[in-house]
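Worksheet for the structure shown next.
This is a predicted model, so every value here is computed, not measured. Throughout, protein chains are lettered first and strands after them, A, B, ... in sequence-line order, and every chain is numbered starting at 1.
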Amino acid sequence: MSSTIEFTINGKDITGRPGQTVLEAAQDAGVYIPRLCYMRGLAAFGACRVCTVLVNGRPQAACTQTVAPGMVVENNTEKMTAFRRNLIDMLFVEGNHFCMFCEKSGNCELQALAYRFGIAAPKYPYMFQPREVDMSHGDVFIDRNRCVLCGRCVRASRDVDGKHVFDFVGRGLHKRIAVNAEALLGDTELAVTDKAAEACPVGAIVKKRVGYAVPVGQRLYDHKPIGSEIESTAL
Amino acid sequence: MVANTNGFKRIAIEPVTRVEGHGKVTLLLDEQNRVHQARLHIVEFRGFERFILGRPFWEVPVLVQRLCGICPVSHHLAAAKAMDRIVGGEKLTPTAEKMRRLMHYGQFFQSHALHFFHLVSPDILFGGIEDPFAGFSADPALRNVIAVAAKFPELAVQGVMMRKYGQEVILRTAGKKIHGTGAIPGGINKNLTIAERDFLLKDVEQMIKWSHGALKIAKDYTVKHLTKLAPFGSFDSSHMSLIRADGAMDLYHGGLRAITADGKKIFDHVDYQKYTDYIAEEVRPWSYMKFPFIKSIGPENGWYRVGPLARLNTADFIDTPAAEAARKEFMAVTKGKPNNVSMAYHWARMIELLHSIEKIRELLNDKDLQGQDLVTRGQRREETVGLIEAPRGTLFHHYRVDKHDQVTMANLIVSTTNNNEPMNRAVQKVAQDHLSGKKEITEGLLNHIEVVIRAYDPCLSCATHALGQMPLVVELVDAAGNLVDRKTKGG
Ligand code: NI
């Protein structure tokens with residue numbers, strides 16, 4: 001078996017390793033495939049569908065699809081961008097995402113994706129679903145208004161921290177992030193140093209009393225769009 | 001606009017134009033058009049306090065900016081001052097305090113410039129030398145900022161540039177022109193870079209020059225027409241503001257001082273954490289907006305004025321030279337006694353405009369703004385009050401925060417609510433003196449009422465605690481409550 005696998009993304013030759021996912025092989029080659037539920041170091045989950053690409057013409061999640069020789073991948077096509085933009089649009093209105101007042105603003109992956117895709121205002125009406133806030137923990141809080149159900153906290157706690165603090169409950173629009181204690185985050189063994197405390201791409205699981213300490217202009221995505229850190233490594 | 005029932009008719013001015021937000025004036029007239037009652041109604045929802053409940057305390061200085069699109073910076077700073085005490089960080093580092101002050105003076109500068117040039121100048125500039133009220137009754141088509149721009153293009157440009165300058169100051173201290181994040185519990189999240197400082201220094205002398213010009217217009221208008229303007233919507237009242245320990249005007253911080261209409265101290269250097277020992281709010285059946293009053297005097301006579309006029313009256317001096325010289329001229333008119341003339345608000349406001357830009361220049365030349373020590377922390381607290389002198393007057397933010405960092409109580413008394421009774425008195429006075437018994441109640445006469453409301457620069461958007469901005473309305477209703485006529489302008 002060969003130690004390298006050759007395939008193309010939007011016509012560009014990419015070299016991957018056996019067992020590697022399309023998303024990671026692309027990333028190593030400086031090609032950014034937009035994603036939300038993917039996080040380096042966590043098991044792939046394939047939940048958010050933002051990383052969907054066409055593999056030989058069929059839609060697949062790039063974070064779970066492994067590379068194969070001669071594979072033809074379509075990433076930044078007009079069609080895929082429209083699909084992703086629509087997904088982001090829906091994520092915004094499903095939750096209560098109000099960037100103007102959110103402390104995650106400027107460091108939020110959802111907001112950064114919206115900017116990358118040129119979404120200035122939500123296309124769909126907000127659903128204004130009531131979502132609970134859990135402030136019971138001393139150092140970390142949950143604001144379910146901003147949760148996108150990516151499951152990064154679930155995987156980080158289970159696989160990295162070995163604690164299983166978070167899980168999903170309910171289905172569909174009623175699906176929520178829950179904690180494994182009877183009621184509240186404060187009753188769990190979550191520590192502020194846990195991977196789970198920094199895994200959230202949005203403002204749903206946030207370290208307390210940090211707030212707006214980083215000024216506008218010095219935040220992660222204030223000057224460069226999300227993904228540019230990967231694209232800047234392209235040869 | 002006019003209805004006749006049971007011998008009475010009610011007029012309503014709705015909305016009152018060229019003020020910020022939504023409000024309504026109603027006048028009750030008899031058959032001879034004699035005014036029996038005149039009221040300014042501001043619907044205050046207080047829905048906003050509930051909106052804050054349950055949120056993390058550090059979010060509040062950013063969240064409260066949603067209360068008003070006109071005064072976000074004032075709410076940002078009042079809430080930040082409150083939250084300083086929650087983290088025990090109220091003794092700010094020099095860099096943090098000076099950055100916040102710079103932001104605050106920037107807000108004063110842009111707010112006062114906007115009010116004067118865009119909202120008030122049509123009343124003043126079209127008032128002829130012979131008749132100061134000419135501008136009040138002028139053709140409505142001429143009574144707006146576009147007409148001012150056509151006749152006084154240089155002034156219109158200055159107004160725009162001064163407002164822009166204030167916003168540039170806000171941008172470089174708060175991070176954004178609106179809904180910034182600069183002030184955080186216990187300090188500030190950025191200092192001022194040399195490049196930012198130099199950008200602002202570049203135009204500061206020009207701004208000072210233009211501020212002198214605006215002050216001169218307001219002063220000359222008031223002094224020239226003093227005999228006519230002095231009784232216009234005027235009355236004696238107490239005055240209240242924050243004051244520095246040495247008696248200087250201080251727009252950012254200090255103790256509370258209240259004085260009577262003839263200058264006697266009611267209380268002085270009061271720690272505003274205990275404001276509820278001194279100030280209470282009265283509810284009246286006809287208005288949703290509360291009426292604050294000084295407890296020791298009682299609800300009947302304990303009301304007071306806030307804002308530029310009150311601050312000029314309470315201050316022993318101003319600590320910037322040009323504004324202090326202007327203050328002396330202002331106080332000389334009343335021989336050192338408090339000035340109780342409603343229309344003198346404009347002159348007082350322009351003295352503060354000059355003071356703000358003098359302060360901005362002073363701060364820009366202060367090396368502390370480039371300091372690195374931005375945040376302080378100390379003993380945690382659960383209850384807190386943040387007060388600031390907003391452009392429109394004293395602004396109260398009062399919160400309780402539980403051990404989980406959640407806000408459990410919020411009460412805001414905004415500047416415009418403090419001026420609720422004074423504005424009502426002013427409306428009654430103008431209605432009695434200028435409308436009562438007139439054969440015909442013309443639009444020009446109704447504008448007289450709006451003119452006096454504008455002197456107080458109310459922010460009805462803040463006062464209603466509604467989310468966003470709304471227009472102001474005047475209604476003419478008969479004594480049985482039937483709507484006879486109604487005017488809705490602007491908004
Ligand atoms: Ni306001």
Side-chain angles (χ1 to χ4, degrees), chain A residues 96-108 111 115 120-121 126 128 130-146 179 181 183-188 190 192 197 200 202-223, chain B residues 51-67 69 72 75-76 79-80 83 86-89 96 99 103 170-193 195-196 374-375 377 380 401-408 467:
Chain A
N96 300 312
H97 300 277
F98 301 104
C99 301
M100 200 173 271
F101 307 97
C102 179
E103 62 185 278
K104 191 80 176 192
S105 248
N107 296 312
C108 172
Q111 181 193 38
Y115 280 131
Y126 276 94
F128 291 113
R131 299 274 175 89
E132 280 167 7
V133 176
D134 181 346
M135 298 282 293
S136 61
H137 193 282
D139 301 311
V140 180
F141 74 100
I142 308 177
D143 186 344
R144 292 184 179 82
N145 289 291
R146 308 167 184 157
V179 296
L184 297 168
L185 192 61
D187 305 321
T188 70
L190 178 75
V192 69
C200 185
V202 291
I205 296 175
V206 184
K207 288 180 188 172
K208 281 187 166 184
R209 296 177 297 276
V210 175
Y212 307 84
V214 180
V216 177
Q218 294 176 28
R219 301 168 308 180
L220 210 49
Y221 305 117
D222 276 337
H223 301 294
Chain B
F51 184 73
I52 300 170
L53 297 186
R55 299 308 307 174
F57 72 82
W58 55 87
E59 203 179 75
V60 175
V62 176
L63 204 57
V64 287
Q65 298 180 78
R66 200 169 169 193
L67 177 58
H75 289 293
H76 179 56
M83 295 316 169
I86 293 296
V87 300
M99 281 296 286
M103 189 193 306
I170 293 166
L171 170 66
R172 282 159 185 80
T173 47
K176 288 162 93 178
K177 284 179 182 169
I178 52 161
H179 302 126
T181 62
I184 58 177
I188 195 88
N189 68 11
K190 73 183 289 288
N191 65 9
L192 196 74
T193 65
E196 288 170 327
L374 303 182
V375 181
R377 285 278 143 72
R380 176 77 181 238
V401 177
D402 71 9
K403 64 180 196 305
H404 296 306
D405 302 324
Q406 269 177 303
V407 176
T408 57
L467 303 180

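- Here the straight-line distance linking atom OG of A:S105 with atom NE2 of B:H179 works out to 12.0 Å at 0.5 Å rounding.
- Here the CZ atom belonging to A:R219 is positioned 9.5 Å from the CG atom belonging to B:N189, to the nearest 0.5 angstrom.
- Interatomic distance, B:H404 NE2 to A:L184 CG, rounded to the nearest 0.5 Å: 8.0 Å.
- Not a single donor-acceptor pair under 3.5 Å links the side chain of B:K190 to the backbone N or O of A:G217.
- Heavy-atom distances place the side chain of A:N145, and not its backbone, under 4.5 Å from chain B.
- In this structure, the portion of B:I184 lying under 4.5 Å from any heavy atom of chain A is its side chain and not its backbone.
- At least one side-chain heavy atom of A:Y212 sits under 4.5 Å from a side-chain heavy atom of B:E59.
- Using a 4.5 Å cut-off on side-chain heavy atoms (C-beta onward), A:M100 and B:I178 make no contact.
- Two residues are said to be in side-chain contact when any heavy atoms from C-beta on lie closer than 4.5 Å; A:M135 and B:P56 meet this criterion.
- Contact count against chain A (heavy-atom pairs under 4.5 Å) is highest for B:R55 among B:R55, B:K403, B:Q65, B:K176.
- Looking at A:F98, neither its backbone nor its side chain comes within 4.5 Å of chain B, counting heavy atoms on both sides.
- Residues A:F101 and B:W58 place their aromatic rings such that the two centres sit no closer than 6.0 Å.
- Contact of A:V206 with chain B is not made at all, since no heavy-atom distance falls under 4.5 Å.
- Note that CZ of A:R209 is 12.5 Å distant from CD1 of B:I86, once rounded to the nearest 0.5 Å.
- Taking CG from B:D405 and OG from A:S136, the interatomic distance works out to 11.0 Å, rounded to the nearest 0.5 Å.
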